[in-house]
Student: 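Structure incoming, see below.
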Amino acid sequence: NDPKIIDHTICNVKLQGQDYAGKDTAKAYEDFKARTEQYEKVYETLDLSNPNDNKYSFVKLVNAGQSMVTNRIVGALPRKVMGFSANL
């Protein structure tokens with residue numbers, strides 16, 4: 001949610017990936033921002049206060065790991081994902 005963290009992630013992670021290799025940095029930045037705006041139109045945030053969301057297993061990182069919300073983490077693989085996410 002923090003715009004500074006989002007910009008840092010775009011510039012230091014996303015723009016260094018294969019999708020944008022050899023591309024103009026400013027154009028790549030704008031393209032990625034446009035992509036995220038499209039994602040925001042269709043993605044729905046999971047919220048434990050919503051009874052419908054409470055039935056899902058998930059790990060939610062807020063502001064690059066500043067806080068983490070987990071729900072219904074059962075089994076070896078989900079626990080490993082949670083452990084990995086906690087140490088980012």
Side-chain angles (χ1 to χ4, degrees):
N1 299 352
D2 184 330
K4 290 180 184 177
I5 293 173
I6 293 169
D7 284 343
H8 180 270
T9 302
I10 292 171
C11 292
N12 294 299
V13 178
K14 297 300 182 182
L15 298 185
Q16 306 304 318
Q18 290 180 336
D19 287 351
Y20 297 109
K23 305 285 192 248
D24 175 69
T25 304
K27 288 181 181 177
Y29 180 86
E30 291 304 318
D31 179 72
F32 192 80
K33 289 288 281 187
R35 286 171 60 181
T36 59
E37 288 171 8
Q38 293 301 313
Y39 299 150
E40 289 171 356
K41 290 179 184 177
V42 295
Y43 283 105
E44 294 182 30
T45 301
L46 293 172
D47 183 0
L48 288 176
S49 64
N50 181 342
N52 290 327
D53 292 348
N54 197 29
K55 63 185 174 186
Y56 298 111
S57 174
F58 64 86
V59 175
K60 177 181 175 180
L61 295 177
V62 179
N63 289 333
Q66 188 176 50
S67 65
M68 182 169 70
V69 177
T70 62
N71 191 57
R72 295 185 179 254
I73 304 301
V74 178
L77 185 57
R79 284 196 177 119
K80 284 185 179 187
V81 169
M82 185 182 74
F84 175 78
S85 300
N87 291 301
L88 289 177

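Nothing fancy with the numbering, it's 1 onward along the sequence.
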Student: What is the distance from atom CG of Leu48 to atom OH of Tyr56, rounded to the nearest 0.5 Å?
Tutor: 13.0 Å

Student: Kindly determine whether Tyr20 and Asp31 satisfy side chain to side chain donor-acceptor pair (under 3.5 Å), including the steps that lead there.
Tutor: CA-CA 9 Å; Tyr20 297 109; Asp31 179 72; 2.4 Å; yes

Student: Quick check: does any side chain N or O of Asn12 sit under 3.5 Å from a backbone N or O of His8, one acting as donor and the other as acceptor?
Tutor: yes

Student: Are the side chains of Ile73 and Val59 in contact, using a 4.5 Å heavy-atom criterion?
Tutor: yes

Student: What's the spacing between Ile10 CD1 and Glu30 CD if we round to 0.5 Å?
Tutor: 9.0 Å

Student: Please identify each residue that fulfils salt bridge (charged side-chain N to carboxylate O under 4.0 Å, His left out) with Arg79, with sequence neighbours left out.
Tutor: none

Student: Looking at side-chain heavy atoms only, is the closest gap between Phe58 and Thr70 below 4.5 Å?
Tutor: no

Student: Charged N to carboxylate O under 4.0 angstrom, Arg35 versus Asp19?
Tutor: yes

Student: Would you indicate whether the side-chain heavy atoms of Ser67 and Asn63 approach each other to under 4.5 Å?
Tutor: no

Student: If we ignore hydrogens and angles and just use 3.5 Å, is the side chain of Asp24 paired with the main-chain N or O of Lys27 as donor and acceptor?
Tutor: yes

Student: Quick check: do Lys33 and Asp7 have side-chain heavy atoms less than 4.5 Å from each other?
Tutor: yes

Student: Check for a donor-acceptor pair, side chain of Arg72 on one end and backbone N or O of Asn54 on the other, with a separation under 3.5 Å.
Tutor: yes

Student: What residues form a side-chain hydrogen bond (donor to acceptor under 3.5 Å, both in side chains) with Asp2, not counting sequence neighbours?
Tutor: none

Student: Are Met68 and Phe84 connected in a single hydrophobic cluster, I mean Ile/Leu/Val/Met/Phe/Trp/Tyr linked by side-chain heavy atoms less than 4.5 Å apart?
Tutor: yes

Student: Donor-acceptor pair, distance only, cut-off 3.5 Å: does the side chain of Asn87 make one with the backbone of Gly83?
Tutor: yes

Student: Only distances under 3.5 Å count here; give the side-chain donor-acceptor pairs of residues 38-47 to other protein atoms, sequence neighbours excluded, each with its distance to 0.1 Å.
Tutor:
| from | atom 1 | to | atom 2 | distance (Å) |
| --- | --- | --- | --- | --- |
| Asp47 | OD1 | Ser49 | N | 3.1 |
| Asp47 | OD1 | Ser49 | OG | 3.1 |
| Asp47 | OD2 | Ser49 | OG | 2.9 |

Student: Give a yes or no answer on whether the side chain of Asn71 reaches the backbone of Ser57 with a donor-acceptor pair at less than 3.5 Å.
Tutor: no

Student: Kindly work out whether a path of hydrophobic side-chain contacts (I/L/V/M/F/W/Y, heavy atoms less than 4.5 Å apart) joins Val62 to Ile5.
Tutor: no

